[in-house]
Amino acid sequence: MAEIERTFLALKPGGIERGLLGEIIGRFERRGFRFIALKLTMVSRELTEKHYAEHKGKDFFEGLVSYTTSGPVVLAVIEGGCAISVAREMVGATDPKLAKPGAIRSDYGIDVRRNLIHASDSEESAKREIALHFPDLIPVVPNRGSFESKISTGTDMNITISKK
Ligand code: IDP
Ligand code: MG
């Protein structure tokens with residue numbers, strides 16, 4: 001059975017401006033992923049710089065940060081089998097022109113900066129990005145009837161919960 005994982009998604013301002021929110025979120029739902037956390041928000045420059053810290057110093061960094069902070073974004077955590085790699089595949093190559101047909105960036109994008117959506121690229125990134133954007137989400141061992149929040153502690157399900 002596929003390993004149950006959580007990953008982080010961010011719909012960038014362009015996708016929301018163009019009214020593609022339902023379409024993009026719907027793809028993940030229909031694929032069978034469960035939304036664990038979801039919010040529409042503006043992200044500060046400081047948080048955006050932290051999120052994209054690996055790109056600091058690159059020529060596109062300033063444009064990337066300005067674009068990401070230019071309008072509302074939708075941030076989400078999804079859970080499901082091999083969520084990290086499957087979400088990356090659904091999102092497609094960084095440059096929409098190189099993404100395969102059927103990938104979100106290919107189907108709706110043409111510009112590398114305005115490439116609609118971010119998805120964590122590894123287990124380590126997923127952990128870091130989830131903690132950065134959803135610090136209140138309690139990490140649980142997934143796939144044990146997990147739909148946890150601060151309200152439901154999951155103690156009746158005998159699962160491991162640790163607050164970071
Ligand atoms: P990823 O989003 O596919 O993981 P990264 O290389 O991590 O791609 O880059 C982060 C984001 O920075 C991309 O999604 C894209 O919006 C932007 N970006 C990457 N390379 C370029 C570039 O060469 N020009 C402009 N923007 C870029
Ligand atoms: Mg990346």
Side-chain angles (χ1 to χ4, degrees), residues 1-44 46-55 64 67-69 71-94 99 102-105 107-109 115-164:
M1 204 181 122
E3 192 178 342
I4 303 297
E5 295 172 337
R6 285 181 178 184
T7 195
F8 172 77
L9 304 174
L11 273 64
K12 302 184 183 186
I16 299 183
E17 205 177 287
R18 287 170 57 196
L20 293 170
L21 174 58
E23 165 60 28
I24 293 174
I25 281 183
R27 285 189 176 208
F28 291 93
E29 277 196 321
R30 289 192 292 277
R31 183 83 187 238
F33 292 114
R34 178 150 54 159
F35 279 78
I36 298 295
L38 184 69
K39 67 180 165 191
L40 175 75
T41 184
M42 293 283 291
V43 184
S44 69
E46 190 191 354
L47 185 55
T48 303
E49 286 186 0
K50 268 192 197 156
H51 174 94
Y52 281 124
E54 65 174 308
H55 297 303
L64 175 62
Y67 172 58
T68 307
T69 55
V73 294
V74 165
L75 309 179
V77 179
I78 57 167
E79 183 180 282
C82 299
I84 299 165
S85 57
V86 173
R88 284 289 286 190
E89 199 164 328
M90 289 173 70
V91 163
T94 306
I104 293 164
R105 285 170 170 170
D107 290 354
Y108 304 112
N115 63 359
L116 296 148
I117 181 165
H118 164 88
S120 308
D121 64 7
S122 64
E123 201 179 328
E124 192 191 344
S125 301
K127 272 207 184 103
R128 188 184 78 85
E129 292 166 5
I130 291 169
L132 197 59
H133 297 282
F134 292 100
D136 292 339
L137 195 70
I138 296 175
V140 299
V141 176
N143 201 25
R144 307 213 183 141
S146 59
F147 200 97
E148 308 313 314
S149 70
K150 272 194 162 163
I151 300 158
S152 164
T153 62
T155 46
D156 55 334
M157 287 181 273
N158 193 29
I159 56 176
T160 310
I161 297 176
S162 57
K163 181 85 177 80
K164 267 201 178 146

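Numbers here are sequence positions counted from 1.
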(message) V86 vs F28, test: side chain to side chain contact (heavy atoms under 4.5 Å, CB included). Steps then yes/no.
(response) CA-CA 10 Å; V86 173; F28 291 93; over 6 Å; no
(request) List in chain and number order the residues that pass salt bridge (Lys or Arg N to Asp or Glu O under 4.0 Å) with E17, two or more places apart in sequence or in another chain; answer none if no residue qualifies. (result)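 For E17 the salt bridge (Lys or Arg N to Asp or Glu O under 4.0 Å) partners, ignoring immediate neighbours, are R114.
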(message) Suppose we screen for salt bridge (Lys or Arg N to Asp or Glu O under 4.0 Å). Which residues come up paired with R27, at least two apart in sequence or across chains?
(response) E23, D107
So does [Y] get a backbone contact from the side chain of [X], meaning a donor-acceptor N/O pair under 3.5 Å?
X    : Y   : answer
R6   : I78 : no
E3   : C82 : no
Y108 : I24 : no
E129 : F8  : no
R88  : A83 : no

(message) Among S122, S125, S120, which residue satisfies the side chain to side chain contact (heavy atoms under 4.5 Å, CB included) criterion with T7?
(response) S120
(message) My understanding is that only one of I138, L137, L132, D136 makes a side chain to side chain contact (heavy atoms under 4.5 Å, CB included) with F134; could you say which?
(response)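 Per the side chain to side chain contact (heavy atoms under 4.5 Å, CB included) rule, the option paired with F134 is L137, out of I138, L137, L132, D136.
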Nearest heavy-atom neighbours spanning [X] and [Y]:
X   : Y    : result
L9  : A119 : CD2-CB, 3.7 Å
K50 : R128 : O-NH1, 3.2 Å
T94 : N115 : O-ND2, 3.0 Å
A93 : A99  : N-CB, 3.7 Å

(request) Please tell me if the side chains of Y52 and H118 come closer than 4.5 Å, counting only heavy atoms from C-beta onward. (result)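 Result yes, sub-4.5 Å side-chain heavy-atom pair found.
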(request) Report yes if the side chains of K12 and T68 come closer than 4.5 Å at any heavy-atom pair, otherwise no. (result)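 The answer is no, as the side chains (C-beta and beyond) never meet within the 4.5 Å cut-off.
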(request) Check step by step if side chain to side chain contact (heavy atoms under 4.5 Å, CB included) holds for R18 and L116. (result) CA-CA 10 Å; R18 287 170 57 196; L116 296 148; 3.9 Å; yes
(message) Just verifying a value: how many Å separate L11 CG and I16 CD1, rounded to the nearest 0.5 Å?
(response)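 The CD1 atom of I16 is 5.5 Å from CG of L11, to the nearest 0.5 Å.
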(message) The test is side chain to side chain contact (heavy atoms under 4.5 Å, CB included); show your working for E79 and F33 and say whether it passes.
(response) CA-CA 6 Å; E79 183 180 282; F33 292 114; over 6 Å; no
Quick one: side chains of residues 37-44, donor-acceptor pairs under 3.5 Å with protein atoms, not counting sequence neighbours, listed by atom name and distance.
from : atom 1 : to   : atom 2 : distance (Å)
K39  : NZ     : H133 : O      : 2.7
S44  : OG     : L47  : N      : 3.1

